[in-house]
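The structure appears right after this line, and notes come after that.
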Amino acid sequence: MACAAASPLAAPRVHLIGVSKGVAVDAIETAIFAGVSAFGENRVQEAAAKWSAIRGRHPHVGLHMVGALQTSKARHALQLFDCLHSLDRPRLAEALANELPPLSTRFSCFIQVNTGDEPQKSGIALRQADAFIDECLKVWKLPVIGLMCVPPANQPPAPHFALLRQIARTHGLNNLSMGMSGDYAEAIRMGATHVRIGTALFGTRPV
Ligand SMILES: *Cc1c(COP(=O)(O)O)cnc(C)c1O
């Protein structure tokens with residue numbers, strides 16, 4: 001991508017996650033035929049309903065959970081998804097650790113950090129982030145591959161992306177899930193390895 005070439009922080013390869021929440025199966029399959037190889041959903045129920053058929057026809061396609069996950073749905077989520085982007089609290093970490101099949105290599109996760117410390121938003125609070133990341137890695141031994149954030153809607157996203165990158169580096173984590181339809185170019189310039197794009201791919205979601 002042109003924006004990546006212009007920045008020294010840009011990752012050599014950026015994974016596109018097509019966020020297909022609210023998108024019908026036929027439109028998802030059109031995107032698969034166009035080359036999108038990983039998708040994101042934000043509800044376990046919706047993902048289960050749409051993806052059993054799609055998975056059967058396209059077993060190579062990755063399915064990621066990008067929305068908040070209830071602890072009670074951890075087991076179902078592990079059966080459905082290859083990757084969770086929203087690990088954000090100790091009880092969920094414990095539930096995942098208990099449900100994760102031994103020696104499973106399929107599943108990986110990102111810890112979501114609430115970089116704007118917004119009360120209504122998911123993500124571990126900034127002041128708890130370092131301890132929580134350590135706990136996920138050392139106590140629960142979860143397959144954490146990086147950090148994720150959703151910057152506050154009313155602020156420039158770049159400082160949030162930079163902060164996420166800095167926290168990740170402190171913990172030796174190499175992947176950054178950041179950037180959506182409105183700010184993915186900035187996120188890629190700041191080192192995103194995974195961008196989560198919905199409306200820019202599929203159009204405006206019905207409300
Ligand atoms: C919906 C959603 C996206 C995609 O947002 P767009 O603005 O439609 O690209 C990305 N990440 C998360 C966590 C989402 O819920």
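First listed ligand is number 1; within each ligand, the first listed atom is number 1.
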Closer than 4.0 Å to some heavy atom of Ile197 - which atoms of ligand 1 meet that?
9 (O)
Among protein heavy atoms, which sits nearest to atom 5 (O) of ligand 1, and what does the distance come to when rounded to 0.1 Å?
Met180 CE, 3.5 Å
Which ligand 1 atoms does Arg196 reach within 4.0 Å, using its non-hydrogen atoms?
4 (C), 9 (O), 10 (C), 11 (N), 12 (C), 13 (C)
Can you see whether Thr199 engages Ser181 through a side-chain donor-acceptor pair at a distance of less than 3.5 angstrom?
yes
How does Asn42 reach ligand 1, if at all, at less than 4.0 Å between non-hydrogen atoms: by side chain, backbone, both, or neither?
neither
Can you check which of Gly179, Gly18, Ser122, Ser181 brings a heavy atom nearest to atom 9 (O) of ligand 1?
Ser181
Do the side chain of Asn175 and the main chain of Gly146 share a donor and acceptor less than 3.5 angstrom apart?
no
Leu63 vs Arg55, test: side-chain contact (heavy atoms from CB on, under 4.5 Å). Steps then yes/no.
CA-CA 9 Å; Leu63 184 57; Arg55 288 283 220 188; 3.5 Å; yes
Side chain, backbone, both or neither: which part of Lys21 has a heavy atom under 4.0 Å from ligand 1?
side chain
Give a yes or no on whether the backbone of Met180 and the side-chain of Asp183 come within a donor-acceptor separation of less than 3.5 Å.
yes
In plain terms, say whether Arg189 and Glu186 are close enough for a salt bridge, that is, a side-chain N and a carboxylate O under 4.0 Å apart.
yes
heavy-atom search around atom 13 (C) of ligand 1 in the protein gives Val66 O, 3.3 Å
What pair of heavy atoms forms the shortest contact from Ser20 to Trp51, and how long is it?
OG-CZ2, 3.9 Å
